[in-house]
Protein chains: 2
Amino acid sequence: MAGRPGQGEDGTRARILDVAERLVQTRGFNAFSYADVAAELRLTKPALHYHFAGKGELGEALVARYVARFTEALHRIDRSDGDGQRKLEGYAALYAHVVAEDRMCLCGMLAAEYHTLPVPMRDSVLRFFDQNEDWLEGVLAQGAQEGSLRFSGTPLEAARLILASLEGALLVARSFEDPARFESAAAGLLAGLTETEPSD
Amino acid sequence: MAGRPGQGEDGTRARILDVAERLVQTRGFNAFSYADVAAELRLTKPALHYHFAGKGELGEALVARYVARFTEALHRIDRSDGDGQRKLEGYAALYAHVVAEDRMCLCGMLAAEYHTLPVPMRDSVLRFFDQNEDWLEGVLAQGAQEGSLRFSGTPLEAARLILASLEGALLVARSFEDPARFESAAAGLLAGLTETEPSD
DNA sequence: GTCTATAACGAGATAGAC
DNA sequence: GTCTATCTCGTTATAGAC
């Protein structure tokens with residue numbers, strides 16, 4: 001599946017995923033076609049079918065790679081070893097990179113199209129959200145303990161609100177083609193979690 | 001355009017909009033067809049073309065009606081004459097009704113598909129968001145003045161964060177087919193805006 | 001206002017050559 | 001691993017009868 005030869009990742013396969021990923025993040029899974037990807041790579045549709053049996057399989061590979069990259073990014077933040085607040089800032093920055101490229105989060109886009117997706121893709125999308133919530137829950141628990149973060153409810157509830165808010169902020173900001181809208185929403189969200197109560 | 005006859009709203013036209021609206025809110029604008037709507041209403045595709053020249057025109061009518069209904073709902077909340085906090089609760093309840101029907105907000109769904117939409121639909125989606133933000137801004141300013149709401153940044157910034165958070169909460173909750181996820185996120189969001197600082 | 005019939009196109013997919 | 005050629009189906013849309 002990965003790079004059997006010498007290097008890493010078969011070249012064509014990775015380039016197909018790169019183009020398809022951008023198309024899905026900007027137009028949606030139902031609004032891109034094998035023909036779009038083939039044309040951009042100067043290939044033909046059957047060449048794509050050689051690498052990915054069908055659109056469903058391509059979609060599954062797309063989400064799998066996206067989740068793997070996100071997981072890596074979360075591990076990088078963990079290793080950076082900041083306090084909860086800094087980790088949350090790092091997390092929001094991941095989304096900022098997405099909107100900077102005029103894209104929606106891959107799984108946020110697929111969430112909108114959820115009811116039209118092949119079941120394996122649906123499952124992967126839910127796992128993506130679960131994984132993000134788990135990670136955020138840990139960061140929030142850490143932040144609460146340290147005193148770097150304050151929130152109402154349980155860490156899991158706060159984690160879910162953060163995930164939803166960032167996905168929604170991406171969705172709206174991208175429509176206005178205004179990354180600043182995302183930045184502002186992310187900043188406001190963080191501010192609400194770091195308010196120090198008036199020290200008496 | 002409206003109900004020229006005796007009653008209100010031509011029957012077929014309204015029924016087409018009803019079915020199309022549900023399909024767009026659940027599957028997306030790019031994942032429903034005239035054939036879907038026609039079959040459900042036991043009509044033929046040309047009958048639909050009689051009422052709406054093309055898919056674009058149907059989409060425009062869909063958003064126009066949705067925006068009009070939302071505007072009415074906001075006016076109802078205004079007339080209810082509660083404080084800022086209660087108005088926000090009423091606002092969140094509008095979204096809760098949507099997720100209870102396993103739907104996405106129409107304009108949230110269209111925001112995901114934004115780059116594939118006919119331009120008139122794009123404009124209407126942005127106007128929907130603008131209108132919501134304007135209304136929320138007013139409610140937040142009122143709440144801040146009364147002391148029923150607290151937030152960081154300007155009322156407009158807070159309004160944008162609320163809109164994004166609720167849209168995102170819809171998006172995620174609907175994927176899990178779990179309205180409780182939305183309710184929890186909405187409650188957490190409200191809680192963050194009504195925290196009373198430790199009274200001394 | 002709704003129908004039958006059909007055009008014109010693009011989508012996803014396969015067979016089989018090279 | 002990529003191609004040409006082709007198939008089948010669904011989609012949007014129109015012409016013209018009733």
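The basis for the numbers below is simple: all heavy atoms, side chains too, and nothing from hydrogens, waters or symmetry mates. Below, chains carry the letters A, B, ... as their sequence lines are ordered, and counting in each starts from 1.
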- So, are A:E133 and B:R181 salt-bridged, with charged N and O less than 4.0 Å apart? yes
- Message: I want to confirm an ordering. Mapping A:F29 and B:H51 to their closest nucleotides on DNA chain C, which one lands closer to the 5' end?
- Response: B:H51
- Task: Would you kindly confirm whether A:L163 and A:L156 end up in one hydrophobic cluster when ILVMFWY residues are joined by side chain heavy atoms under 4.5 Å apart?
- Result: no
- Check every atom of D:dA13, C:dC3, D:dC3 against the side chain of A:L43 and return the nucleotide holding the closest atom. D:dC3
- Of the nucleotides C:dG12, D:dT12, C:dT2, which one has an atom closest to the side chain of B:K55? D:dT12
- Task: Identify, between A:A53 and B:A47, the residue whose nearest nucleotide on DNA chain C lies closer to the 5' end.
- Result: B:A47
- Query: Taking the side chain of A:H49 as heavy atoms from C-beta outward, which of D:dA13, D:dT2, C:dA13 is closest to it?
  - Reply: C:dA13
- Note on the structure: A:L58 atom CG is separated from C:dA11 atom C1', nearest whole Å, by 14 Å
- Task: Please report, rounded to the nearest Å, how far the P atom of C:dG1 is from the CD1 atom of B:I16.
- Result: 11 Å
- Task: To the nearest Å, give me how far apart CG (A:D36) and P (C:dA11) are.
- Result: 6 Å
- Message: So B:Y50, base contact, sugar-phosphate only, or nothing? Heavy-atom distance under 4.0 Å.
- Response: base
- Note on the structure: With the side chain defined as heavy atoms from C-beta on, B:P46 is closest, among D:dA13, C:dA5, D:dT2, to C:dA5
- Are side-chain N/O atoms of A:R127 and A:S124 paired as donor and acceptor at under 3.5 Å? yes
- Which part of the nucleic acid does A:F52 contact within heavy-atom distance under 4.0 Å: base, sugar-phosphate only, or nothing? nothing
- Query: Under the salt bridge (Lys or Arg N to Asp or Glu O under 4.0 Å) criterion, do B:R160 and B:E137 qualify, and how do the steps go?
  - Reply: CA-CA 8 Å; B:R160 288 180 170 170; B:E137 187 184 12; over 6 Å; no
- Message: Rounding to an integer number of Å, can you tell me how far A:L48 CG sits from C:dA11 C1'?
- Response: 13 Å
- Task: Compare side-chain N and O positions of A:T44 against OP1 and OP2 of D:dT4 and report whether any pair is under 4.0 Å apart.
- Result: no
- Heavy atoms under 4.0 Å, any strand shown: does A:S33 hit a base, just sugar-phosphate, or nothing? sugar-phosphate
- For side chain to side chain donor-acceptor pair (under 3.5 Å), just list the numbers for B:S152 and A:E195, CA-CA rounded to whole Å, side-chain angles, deciding distance to a tenth of an Å, and then say yes or no. CA-CA 9 Å; B:S152 67; A:E195 271 162 357; 4.8 Å; no
- Item | A:K45 NZ to D:dT8 P, straight-line distance once rounded to whole Å | 15 Å
- Message: In whole Å, I'd like the distance from the OH atom of B:Y34 to the P atom of D:dA13.
- Response: 6 Å
